[in-house]
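Nothing fancy with the numbering, it's 1 onward along the sequence. From a predicted model like this one, the values you see are computed outputs, not experimental measurements.
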Amino acid sequence: MAHIDADAPPAPPRAAGLSTRAVVLALREHALVVALAVVVLLGGWLRLSGLNWDHNTHLHPDERYISSVTNVIEWPSSPIQYFDVSQSPLSPYNTPEGQAYSYGTLPIFATKAVADIVGEGDYDHLYLVGRALSALLDCATTVLVFLIARILFAGGDRRRASRVALLAATLYAFTVAAIQASHFFTTDSWLVFFGTLTFYLALLSLRRAARSERANLGLVVAIGFGTGLTVACKISGFFVAVPVAIALIAGAAGTMPIRRAALLVARDGLIVLLCTYVGFRLVSPYAFAHSSWLDLTLGKDYHEALDTQRNILDGGAVFAPTFQWLLSPRLWDPLRNLVTWQLGFPLGIAAVLGTTLAGVDTTWYTTRLVRHRARVSRDAMINLATRAMTVAYVLAIFLYMGTRFQHMGRYLLPIAPFLAILAAYALHGIPRRYERVFVAAAAALVAATGLYALAYHSIYTSRMTRLAADDWIVAHVRHGSAIANENWDDTLPVGGLAAHYKLVIVPVFDPDDSTKLRKLYDGLSESDYYVLSSQRGWRTLGRLDERYPLMVRYYRQLFAGRLGYTLAASFTSEPRLFGVRLDDVGAEEAFSVYDHPPVKIYVNRGHLTFADFRARLCTPPAPAACD
């Protein structure tokens with residue numbers, strides 16, 4: 001019989017709902033998920049807000065082209081017509097606008113489908129749907145960064161591994177290059193997402209390879225389809241084959257006799273190749289010349305488009321938009337631009353340090369394993385392969401793209417998620433006994449990267465510089481006035497406003513030959529205003545002394561006010577926060593020329609004669625164009 005203490009105080013009444021303690025315990029239990037959700041939401045705000053930064057004026061040239069192609073293609077009437085290469089209305093290569101289309105078709109097909117569903121499928125609106133999809137996909141990439149990092153750091157304390165993984169995801173959420181790409185309807189965010197997804201699938205396959213071949217087979221199939229979809233975003237997606245190959249080889253190594261391991265790698269490799277082809281062909285049937293899936297011949301237009309892009313990439317075709325690369329040292333300049341501007345200096349330095357440490361660790365352990373035939377555990381082999389996959393993927397893309405003649409920063413976007421992971425790797429190396437140092441360093445890195453992200457995001461909450469210049473023109477320039485703009489650049493005013501003015505094109509990018517001086521004079525002399533709608537001309541031609549000696553003098557004299565024109569207005573929108581501005585005109589041109597170029601407007605007050613104009617540009621030693 002139970003003893004009852006009559007003197008005991010009565011038990012407090014139970015709360016009707018969840019107690020505060022229960023809520024706190026639930027939050028603690030799911031703190032990691034809550035924290036990741038907060039990170040994704042913050043990153044989502046940075047990506048989704050300000051999407052219509054150009055107010056429906058289509059100021060991004062790549063967007064204009066992709067939008068025009070997406071607008072003219074039409075849905076086929078049946079699956080049979082979809083796969084009919086020569087007849088499908090969905091094929092860009094069956095339209096005049098899309099015959100030179102060199103990007104992947106997965107992004108434009110998916111964007112067109114979503115845009116049609118929401119009733120925004122026309123040219124003037126579908127690009128906004130494309131921007132939103134770019135942003136949403138990049139939010140998903142943030143989650144993939146967390147998942148990959150948690151696997152990479154799983155060898156030690158699980159709690160710390162999760163914290164470092166959260167750090168990596170936060171750093172990527174605040175990565176400026178990713179935020180900028182999310183504001184464009186291009187294929188870049190799609191390429192990053194599917195490349196990162198395929199990497200994650202390969203990582204899962206590596207971790208599970210030792211458990212069950214049958215269970216892992218499904219992952220191998222998924223890896224193949226992931227690779228195909230990555231390439232269907234952009235042909236450079238083939239670089240994801242590097243970590244995939246490492247995962248397949250390492251997954252079989254050390255678990256079975258060499259002969260059987262080689263057969264397993266060959267089998268899985270063939271499955272990946274087959275599924276890559278199927279996945280690519282399902283969403284890119286028009287890359288091929290014929291409808292038969294047994295015929296792998298590339299289509300003529302697609303092949304020529306790729307050849308043209310490869311020729312530009314390697315410097316075989318040098319024209320106005322590529323002149324900037326004549327001034328840009330390979331490897332060093334893409335690294336400088338990546339570290340300083342695309343990532344921001346704190347994150348950039350941490351990423352370089354992390355890549356170096358991971359590379360040294362991987363090389364040291366691999367050398368020890370090969371030279372000394374050291375026996376390592378299965379877990380140690382997987383950890384080594386995981387680091388090797390990450391470092392190899394980063395270096396393969398950077399070394400290839402960084403050594404091309406045209407080494408645009410956006411070509412490095414696929415490695416941005418892994419640079420965030422490697423930056424976290426650098427801090428993960430701080431010993432546990434210095435946990436306070438780790439926490440302080442992580443907090444400082446997140447704060448610095450977050451502040452830079454907020455500063456950059458300010459350009460999307462401000463009036464776009466070209467539109468601000470349009471406002472000034474409307475307020476200060478009489479209708480009918482002649483406004484000069486430079487060739488190979490967007491003209492101002494944009495859209496329907498241009499109908500109220502006479503637009504004149506100054507051919508600054510034409511060769512410095514014997515006709516150039518007169519062309520420049522004619523353009524300026526018949527104009528009332530002169531607009532430099534970006535730094536494309538003066539920042540590039542103004543430094544090409546050997547190729548454009550006349551233009552070097554031209555811009556110097558223009559800025560000194562000696563060509564009859566006086567600066568009337570200028571518009572800038574650099575990254576800024578708390579009154580501090582970051583002058584990014586020294587970054588790669590594409591970093592600012594699309595969404596926040598510096599704009600200058602000059603007014604013709606001097607009305608020089610040709611003799612005066614020539615005298616001011618042709619002082620001895622005169623350029624050959626003065627002869």
Side-chain angles (χ1 to χ4, degrees), residues 61-113 115-116 121 123 126 130 185-188 190-191 194-195 198 224-241 270 272-314 316-317 319 400-401 404 406 410-411 414:
D62 292 339
E63 276 193 340
R64 288 198 294 265
Y65 176 63
I66 294 175
S67 296
S68 66
V69 173
T70 308
N71 184 54
V72 297
I73 57 176
E74 299 178 0
W75 296 110
S77 58
S78 67
I80 294 177
Q81 189 181 38
Y82 171 78
F83 289 110
D84 189 336
V85 171
S86 61
Q87 298 298 321
S88 175
L90 195 61
S91 171
Y93 308 106
N94 291 335
T95 68
E97 293 85 351
Q99 289 181 354
Y101 188 75
S102 61
Y103 302 109
T105 51
L106 172 58
I108 65 173
F109 292 170
T111 299
K112 185 176 183 66
D116 286 347
Y123 174 78
L126 66 85
F185 172 33
T186 59
T187 61
D188 295 314
W190 293 78
L191 175 66
F194 281 101
T198 303
F225 277 100
T227 304
L229 295 178
T230 304
V231 180
C233 295
K234 204 173 184 180
I235 192 66
S236 58
F238 264 122
F239 276 106
V240 81
L270 287 174
V272 168
L273 282 175
L274 177 62
C275 292
T276 296
Y277 172 68
V278 173
F280 178 76
R281 185 129 196 177
L282 279 172
V283 294
S284 303
Y286 316 119
F288 298 91
H290 305 288
S291 300
S292 172
W293 281 45
L294 299 179
D295 189 338
L296 305 185
T297 306
L298 292 179
K300 177 177 177 292
D301 290 332
Y302 180 64
H303 192 279
E304 289 180 352
L306 291 183
D307 283 344
T308 298
Q309 290 302 312
R310 188 182 304 111
N311 196 34
I312 294 173
L313 194 67
D314 292 336
F319 57 110
Y400 180 81
M401 295 302 181
R404 301 304 94 191
Q406 179 172 278
R410 74 181 188 204
Y411 297 160

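For the atom pair OG (Ser102) and OH (Tyr302), the distance works out to 8.0 Å, reported to the nearest 0.5 Å. With rounding to the nearest 0.5 angstrom, the NZ atom of Lys234 is 6.5 Å from the CG atom of Leu191. Rounded to the nearest 0.5 Å, atoms CD1 (Ile73) and OG (Ser68) are 10.5 Å apart. In this structure, the separation between CD on Glu304 and CD on Gln309 is 13.0 Å, given to the nearest 0.5 Å. Distance check, rounded to the nearest 0.5 Å: SG of Cys233 to CD1 of Ile108 gives 11.0 Å. Here OH of Tyr65 is found 12.0 Å from CZ of Phe185. Values are rounded to the nearest 0.5 Å.
Contact between Phe225 and Gly279 at its shortest, heavy atoms only, is CD2-CA, 3.7 Å. Between Asp116 and Gly121, the closest heavy-atom pair is OD1-CA, 3.5 Å. Residues Gly195 and Thr230 come closest through the heavy atom pair N-OG1, 3.5 Å. The two residues Val283 and Phe109 make their nearest non-hydrogen contact at O-CE1, 3.4 Å. Between Tyr103 and Arg410, the shortest heavy-atom distance links the atoms OH-NH2, 3.7 Å. Nearest heavy atom pair, residue Lys112 against residue Glu74, reads CE-CA, 4.2 Å.
Using modelled atom types, one finds no donor on one side chain facing an acceptor on the other under 3.5 Å when comparing Tyr411 with Ser236. A donor-acceptor pair shorter than 3.5 Å cannot be found between the side chains of Thr227 and Thr198.
Counting only distance, with no hydrogens or angles, the side chain of Asp295 and the backbone of Thr297 share a donor-acceptor pair below 3.5 Å. A donor-acceptor pair under 3.5 Å is formed between the side chain of Thr95 and the backbone N or O of Gly98. For the pair Asp84 (side chain) and Ser291 (backbone), a donor-acceptor distance under 3.5 Å is absent.
Between Tyr93 and Lys300, the closest side-chain pair of non-hydrogen atoms is not below 4.5 Å. In this structure, Phe280 and Leu106 have side chains that are not in contact, with every pair of non-hydrogen atoms separated by 4.5 Å or more. Counting heavy atoms from C-beta on, the side chains of Phe288 and Leu298 come closer than 4.5 Å.
Classified by interplanar angle (parallel below 30°, tilted 30° to 60°, perpendicular above 60°), the ring pair Phe239/Tyr400 is tilted.
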Checklist entry - Could you walk me through whether Leu90 and Gln81 pass the side-chain contact (heavy atoms from CB on, under 4.5 Å) check? => result CA-CA 9 Å; Leu90 195 61; Gln81 189 181 38; over 6 Å; no
Next on the checklist: Please determine whether side-chain contact (heavy atoms from CB on, under 4.5 Å) holds for the pair Ser91 and Val85, giving the CA-CA distance in whole Å, both sets of side-chain angles, and the decisive distance to 0.1 Å.
Outcome noted: CA-CA 7 Å; Ser91 171; Val85 171; 5.8 Å; no
Item to check | Leu229 and Trp190: CA distance, side-chain angles, deciding distance, side-chain contact (heavy atoms from CB on, under 4.5 Å) verdict | outcome: CA-CA 9 Å; Leu229 295 178; Trp190 293 78; over 6 Å; no
Next on the checklist: If you apply the rule side chain to side chain donor-acceptor pair (under 3.5 Å), what do you find for Thr105 with Tyr286, and how did you get there?
Outcome noted: CA-CA 9 Å; Thr105 51; Tyr286 316 119; over 6 Å; no
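Enclosure of atom OH in Tyr123 by more than 12 non-hydrogen atoms of other residues, nucleotides or ligands within 6.0 angstrom is indicated.
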